[in-house]
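On a predicted model such as this, the values are computed, not experimentally measured, just so you know.
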Amino acid sequence: MGDKPIWEQIGSSFVQHYYQLFDTDRTQLGSIYIDASCLTWEGLQFQGKAAIVEKLSADEDPVIGFHQIFLLKNINDAWVCTNDMFRLALHNYG
C-alpha cells in the first residue's frame, strides 16, 4: 500500500476494518463512532454511537445493492466515522 496516497490507504484500511466488524460482530462497530457521530439510513437519522450500533445490530436483512459514504476524522491519533450515509440501490441493479 506504500504506493497509494495516504488518504487512499486510510480509506481502504477503514473500509476493510468496518466491513470485517459488520460481518462478524456488529456490536464492535461502536469503536469507530463517537457520541457526536450521525448515521443516515434510508433517510432515518441516528445520533451517537449507542443509537448507531443499535440500528446496525438490529438489521439482519441481506442487502443486495447499496451506496455507503463515510466521513472520517482523525481524533487523538485515531480515525473515527463522524457521518455515515447509507442508501439502498434499488434501480439499475442486475
Let me check something: any side-chain donor-acceptor pairs from residues 70-78 under 3.5 Å, sequence neighbours excluded? List them with distances.
unit_1, atom_1, unit_2, atom_2, d
N74, OD1, D77, N, 3.2

Rounded to the nearest 0.5 Å, what separation is found between the [atom1] atom of [X] and the [atom2] atom of [Y]?
X	Y	atom1	atom2	answer
Q20	D25	CD	CG	9.0 Å
W7	S12	CH2	OG	12.0 Å
D84	Y18	CG	OH	5.0 Å

For [X] and [Y], work out which heavy atoms get closest and say how close.
X	Y	answer
C81	S37	O-OG, 2.5 Å
Q45	T40	CG-OG1, 3.8 Å
Q47	A36	NE2-O, 2.8 Å
L39	I52	CB-CG1, 3.7 Å

So, the side chain of [X] versus the backbone of [Y]: is there a donor-acceptor pair under 3.5 Å, distance only?
X	Y	result
S13	I10	no
Q68	M85	no
S31	Q28	yes
R87	H67	no

Transitively linked via ILVMFWY side-chain contacts under 4.5 Å: [X] with [Y]?
X	Y	result
L44	Y33	yes
I34	V53	no
F14	I6	yes
L29	V80	no

side-chain contact (heavy atoms from CB on, under 4.5 Å) evaluation trace for I32 with H17: CA-CA 9 Å; I32 65 165; H17 179 66; 3.9 Å; yes
Aromatic plane relationship, Y19 with F22 - under 30° parallel, 30 to 60° tilted, over 60° perpendicular: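 F22 vs Y19 ring planes: perpendicular.
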More than 12 heavy atoms of other groups within 6.0 Å of E42 CD: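 Count over threshold, so yes.
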Centroid-centroid under 6.0 Å between F86 and W41 rings: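 Ring centroids of F86 and W41 are less than 6.0 Å from each other.
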